[in-house]
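Small disclaimer: the values here were computed from a predicted structure and weren't measured. Just so you know, residue 1 is the first one in the sequence shown, and it goes up from there. What you see below is based on every heavy atom in this structure, not just the backbone, and it leaves out hydrogens, waters and symmetry mates.
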Amino acid sequence: MSIWEYANPVKFLRLTDKLLPPLAILSIVTLTIGLVWGFFFTPDDFRQGSTVKIIYLHVPAALMAINAWLMMLVASLVWIVRRHHVSALAARAAGPVGAVMTIIALATGAIWGQPMWGTWWAWDPRLTSFLILFLFYLGYIALWEAIEDSDTAADLTSILCLVGSVFAVLSRYAVNFWNQGLHQGASVMRAGAIAGDTEERVSNVFAIPLFVSMAGFFLLFLALVLLRTRTEIRSRRIKALLAKERAA
């Protein structure tokens, strides 16, 4: 069985009928465990105090904001190359979810940054590229709504997705490209004590519940995208039936 078989809307709906309920339950359970563990069963940081616990919302949301755009990029490329409507609709479905993740990341970053940096916002390379990514999300959603023909809308939004992917990459690696700015470098993936490593890293007492929260955010994103893709498929069917009825 080929994965391309699920580009057929009927097969996609049948598959997601079975996948969505357990996926939704698993995402809620995982996210609840990660957030409760992180907020209530981890100590305060010796430098940042209790504000460090914002990490359990900020980091997973930021990662999903970036990865959501990359998922949209892959789906858009599939549409451009193979013209599978389900892939275009999946990209469209992921847009608002990714935008919400970006808002959560920006808001929690500002709340975290104010006591740590003394300011709600700084024109830091990573923060600036992340804000631009959010504007691309808004533009992507608006472009879908502005164009009546769905195939034309899919073509133009796919091109926009290719351009916006530059800022998705910059949002992830900006602190590696420029040795300036307030935002620290990557520390999550260097969790735990490493002999001879003096760089900043997240202690395992914070990292383990953080990884659980990240898994919960990923599963929640997947469940929401599948649910919204199903809605987009049904909406497309209704529009086609209405158009056929008008023509008749």
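- Clustering of Ile, Leu, Val, Met, Phe, Trp and Tyr side chains at separations under 4.5 Å leaves I28 isolated, with no partner residue.
- When atom types are taken as modelled, the side chain of T157 and the backbone of A153 share a donor-acceptor pair closer than 3.5 angstrom.
- In the hydrophobic clustering of this structure, V29 groups with L219; members are Ile, Leu, Val, Met, Phe, Trp, Tyr whose side-chain heavy atoms approach within less than 4.5 Å, directly or through other members.
- When atom types are taken as modelled, the side chain of T30 and the backbone of S27 share no donor-acceptor pair closer than 3.5 angstrom.
- The CZ atom of F218 sits 8.5 Å away from the CG atom of N67 when rounded to the nearest 0.5 Å.
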Item to complete: For L220 and V97, run side chain to side chain contact (heavy atoms under 4.5 Å, CB included): C-alpha distance rounded to whole Å, both residues' side-chain angles, the deciding distance at 0.1 Å, then the answer.
Response: CA-CA 10 Å; L220 179 63; V97 182; over 6 Å; no
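- No side-chain heavy atom of M71 sits under 4.5 Å from any side-chain heavy atom of M64.
- Across T108 and A105, no two heavy atoms sit closer than the pair OG1-O, 3.3 Å.
- Looking at residues two or more places apart in sequence or on another chain, you find a side chain to side chain contact (heavy atoms under 4.5 Å, CB included) between F41 and V36, W37.
- How far OG of S165 is from CG of L133: 9.0 Å, rounded to the nearest 0.5 Å.
- Two different hydrophobic clusters hold I141 and L135 under the rule that ILVMFWY side chains link at heavy-atom gaps under 4.5 Å.
- Shown here are the side chain to side chain donor-acceptor pair (under 3.5 Å) partners of R82, two or more places apart in sequence or in another chain: H84.
- For R14, the CZ atom is loosely surrounded, since the number of other residues' heavy atoms within 6.0 Å does not exceed 12.
- Although no hydrogens or angles enter the test, the distance criterion places a donor-acceptor pair under 3.5 Å between the side chain of Y137 and the main chain of W69.
- Atom CD1 of I103 and atom CZ of F134 lie 4.0 Å apart (nearest 0.5 Å).
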Item to complete: Begin with the C-alpha distance, continue with both residues' side-chain angles, and end with the deciding distance and a verdict on side chain to side chain contact (heavy atoms under 4.5 Å, CB included) for N204 and F211.
Response: CA-CA 10 Å; N204 283 339; F211 290 145; over 6 Å; no
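- Atoms CG and CH2, from L160 and W144 in turn, are 11.5 Å apart once rounded to the nearest 0.5 Å.
- Once rounded to the nearest 0.5 Å, the distance linking OH of Y140 with CZ of R92 reads 8.5 Å.
- Between D149 and K239 there is no salt bridge, since none of the side-chain N atoms of the basic residue sits less than 4.0 Å from a carboxylate O of the acidic one.
- Results of the side chain to side chain contact (heavy atoms under 4.5 Å, CB included) test with L20 over L222, I25, L227, L15 single out L227 as the only residue that passes.
- Using a 4.5 Å cut-off on side-chain heavy atoms (C-beta onward), Y56 and V212 make no contact.
- L210 and V59 get closest at one heavy-atom pair: CD1-CB, 4.2 Å.
- Judged by distance alone, with hydrogens and angles left aside, the side-chain atoms of R230 form a donor-acceptor pair with the main-chain N or O of L13 at under 3.5 Å.
- Between L63 and F217 there is no side-chain heavy-atom pair separated by less than 4.5 Å.
- What you find for V205 and P43 is that their closest heavy atoms are CG2-CD, 3.7 Å.
- When all heavy atoms of V86 and T229 are compared, the closest pair comes out as O-CG2, 4.3 Å.
- The CG atom of L77 sits 9.5 Å away from atom OG of S87, with the distance rounded to the nearest 0.5 Å.
- Hydrophobic clustering of Ile, Leu, Val, Met, Phe, Trp and Tyr side chains at less than 4.5 Å, counting indirect connections, unites W112 with W123.
- In the hydrophobic clustering of ILVMFWY residues, with side-chain heavy atoms under 4.5 Å counting as a link, V78 and I159 come out apart.
- Annotation: side chain of F12 is in contact with side chain of I233 (closest heavy-atom distance under 4.5 Å).
- For L31 against S213, the heavy-atom pair with the smallest separation is CD1-O, 3.9 Å.
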Discussion item. For a side chain to side chain contact (heavy atoms under 4.5 Å, CB included) check, start with the C-alpha distance between D44 and V52, then their side-chain angles and the critical distance, and finish with the verdict.
Written reply: CA-CA 7 Å; D44 293 347; V52 73; 5.9 Å; no
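- A continuous path of Ile, Leu, Val, Met, Phe, Trp and Tyr side chains, each step under 4.5 Å between heavy atoms, connects V163 with L70, placing both in one hydrophobic cluster.
- Nearest heavy atoms, A91 versus M72: O-CG, 3.6 Å.
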Item to complete: Please report the C-alpha distance between D151 and W79 in whole Å, then the side-chain angles of each, then the deciding distance to 0.1 Å, and finally whether the side chain to side chain contact (heavy atoms under 4.5 Å, CB included) criterion is met.
Response: CA-CA 10 Å; D151 285 1; W79 162 254; 3.7 Å; yes
